[in-house]
Engineer: 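There's a structure below that I have some questions on.
In what follows, chains carry the letters A, B, and so on, assigned in the order in which the sequence lines appear, proteins first and then strands, with residues in each chain numbered from 1. Atom set for the values below is all heavy atoms of this structure, side chains included, hydrogens, waters and symmetry mates excluded. Everything numeric in this text was worked out from a predicted model, so none of it was measured.
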There are 2 protein chains.
Amino acid sequence: MVNESLVHPAPEESLGVLLGLVRSEIVRAMEAELAALGVELRFTQFLILKRLARLGPMTASELARAVELDGGAMTRQLDQLEGKGYLRRCPHEQDRRALRIELTNEGNALWQQLTDCNERVLEAAQRSLSETERKHLHDYLTRVLHALRDKD
Amino acid sequence: MVNESLVHPAPEESLGVLLGLVRSEIVRAMEAELAALGVELRFTQFLILKRLARLGPMTASELARAVELDGGAMTRQLDQLEGKGYLRRCPHEQDRRALRIELTNEGNALWQQLTDCNERVLEAAQRSLSETERKHLHDYLTRVLHALRDKD
DNA sequence: GAAGTATATTTGTCAAGGCAAATATCGTGG
DNA sequence: CCACGATATTTGCCTTGACAAATATACTTC
């Protein structure tokens with residue numbers, strides 16, 4: 001598969017920089033899209049709700065690990081999301097140290113909007129990539145991630 | 001009670017998440033590598049020095065735009081980098097509002113270490129990708145970035 | 001079952017970056 | 001020249017996330 005933009009490469013941005021730029025554009029686009037729908041959520045909060053919606057109730061620690069967020073930061077995000085009424089801290093049945101974090105009805109109702117919104121942003125971002133290219137992009141990034149994590 | 005799906009995360013991480021994970025691993029690796037060489041620099045500071053080394057002296061505003069950093073944040077980073085002796089704020093010859101930011105000899109000397117370090121980290125990150133795949137990855141990311149910036 | 005270790009949550013502290021206001025200077029159109 | 005809007009830098013304020021300490025509870029080992 002020949003690609004024209006390989007023939008005229010942009011002034012060489014290093015991978016680290018490029019990743020940062022793309023990510024911050026995606027975050028910006030998502031937050032703007034949400035705000036336009038009247039939903040005031042930061043990207044991190046979107047990620048938290050997404051995990052809960054997809055994986056079901058779990059403890060705050062599991063949630064923190066799932067979104068790679070510090071435990072302390074998670075406590076404060078949960079404060080906010082609970083305050084907005086999207087989730088609830090319930091006592092954990094087997095472990096009295098832990099919490100069972102679950103979406104409220106309102107949180108579940110919001111979820112459809114969030115996932116649609118995410119869909120639109122990712123579609124827009126990748127609109128110049130073919131289906132195959134999208135798969136490759138995902139595959140490459142996954143392999144890079146593994147390379148970085150499994151040192152050697 | 002541990003949620004098994006957290007141990008083996010779903011194969012499909014969304015692009016936004018994946019980008020964040022890869023970037024934060026690269027940042028972590030770079031900072032660790034630098035620290036191991038006795039150089040205490042944050043990734044942002046590395047980027048600033050990199051721009052200066054590659055593009056030569058410029059104003060603080062130009063530098064801020066080049067690394068996509070807020071002007072206020074740039075002022076504070078310059079304070080630190082000037083304090084460490086890596087750069088210098090000189091008066092701008094044509095514009096008395098502006099500064100001419102330039103690397104010191106020490107800053108230039110550091111540069112070779114930084115670029116070698118960056119080289120090693122990126123090589124390690126992409127070690128499982130062929131030369132062609134690396135080019136494609138870069139190309140895809142560049143196209144995604146353009147798609148996000150040039151709204152339709 | 002007691003002691004010691006590991007884990008869950010919360011809270012305090014800190015650095016970084018975004019945004020807005022303040023100040024200085026530039027450049028342009030009367 | 002003068003007023004006015006744009007730009008450069010700095011500073012203050014706010015939010016976020018990392019890290020560490022404190023507290024409560026679970027688990028493991030003897």
Engineer: With heavy atoms under 4.0 Å as the rule, sort D70(A) into base, sugar-phosphate or nothing.
Structural biologist: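 If one applies the 4.0 Å heavy-atom cut-off, D70(A) turns out to touch a base.
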Engineer: Take atom CD of Q77(B) and atom P of dA8(D), then tell me their distance rounded to the nearest Å.
Structural biologist: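 Nearest whole value for this atom pair: 19 Å.
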Engineer: Would you say the base of dG18(C) and the side-chain of R42(A) have a donor-acceptor pair closer than 3.5 Å?
Structural biologist: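 A donor-acceptor contact between them is absent.
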Engineer: Is there a donor on the side chain of R96(B) or the base of dG27(C) sitting less than 3.5 Å from an acceptor on the other?
Structural biologist: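 Not at all, since no donor on one side and acceptor on the other fall under 3.5 Å apart.
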Engineer: How many Å lie between CZ on R76(A) and P on dT13(C), as a whole number?
Structural biologist: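 Going from CZ in R76(A) over to P in dT13(C) covers 11 Å.
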Engineer: Taking any heavy-atom pair under 4.0 Å as a contact, classify R65(B): base, sugar-phosphate, or nothing.
Structural biologist: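 Touches sugar-phosphate only.
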Engineer: Considering every strand and a 4.0 Å limit on heavy-atom distances, what is the contact class for R89(A): base, sugar-phosphate, or nothing?
Structural biologist: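 It contacts sugar-phosphate atoms only.
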Engineer: Look at all strands and tell whether Q45(B) reaches a base, only sugar-phosphate, or nothing, counting heavy atoms closer than 4.0 Å.
Structural biologist: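 Here Q45(B) touches no strand at all.
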Engineer: Parallel, tilted or perpendicular, judged at 30° and 60°: which one describes the rings of F46(A) and F43(A)?
Structural biologist: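 Correct class here is tilted.
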Engineer: Here's a test of your reading of the structure: between E68(A) and G71(B), which maps to the more 5' nucleotide of DNA chain D?
Structural biologist: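 Residue closer to the 5' terminus by nearest nucleotide: G71(B).
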Engineer: Has the side chain of R28(A) got a donor or acceptor atom sitting under 3.5 Å from an opposite partner on the base of dG18(C)?
Structural biologist: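 Donor-acceptor pair under 3.5 Å: no.
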Engineer: Taking the side chain as everything from C-beta on, heavy atoms only, tell me whether E123(B) gets closer than 4.5 Å to R134(B).
Structural biologist: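 SC-SC contact between E123(B) and R134(B) confirmed.
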Engineer: Taking E31(B) first and then R42(B), would you say they form a salt bridge - that is, a charged N and a carboxylate O separated by under 4.0 Å?
Structural biologist: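 A salt bridge is present here (some side-chain N lies under 4.0 Å from a carboxylate O).
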Engineer: Which part of the nucleic acid, if any, lies within contact of S61(B), taking any heavy atom under 4.0 Å across all strands shown: a base, the sugar-phosphate backbone alone, or nothing?
Structural biologist: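 It contacts sugar-phosphate atoms only.
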Engineer: OP1 or OP2 of dA15(C) sitting under 4.0 Å from any side-chain N/O of Q80(B)?
Structural biologist: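 No, outside the criterion.
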Engineer: Is a salt bridge present between E25(B) and R28(B), judged by a nitrogen-to-oxygen distance below 4.0 Å?
Structural biologist: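 Between R28(B) and E25(B) there is a salt bridge, with a charged N closer than 4.0 Å to a carboxylate O.
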Engineer: Reckon E62(B) touches a base, only the sugar-phosphate, or nothing at all at heavy-atom distances under 4.0 Å?
Structural biologist: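 Counting heavy atoms under 4.0 Å across all strands, no contact is made by E62(B).
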Engineer: Using heavy atoms to find the nearest nucleotide of DNA chain C for G72(A) and R97(A) separately, return the residue whose nucleotide is more 5′.
Structural biologist: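 First, find each residue's nearest nucleotide; the 5'-ward one identifies R97(A).
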Engineer: Looking only at non-hydrogen atoms, find the nearest pair between E33(B) and C117(B) and report the distance.
Structural biologist: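 Distance-wise, the nearest heavy atoms are CG-SG, 3.1 Å.
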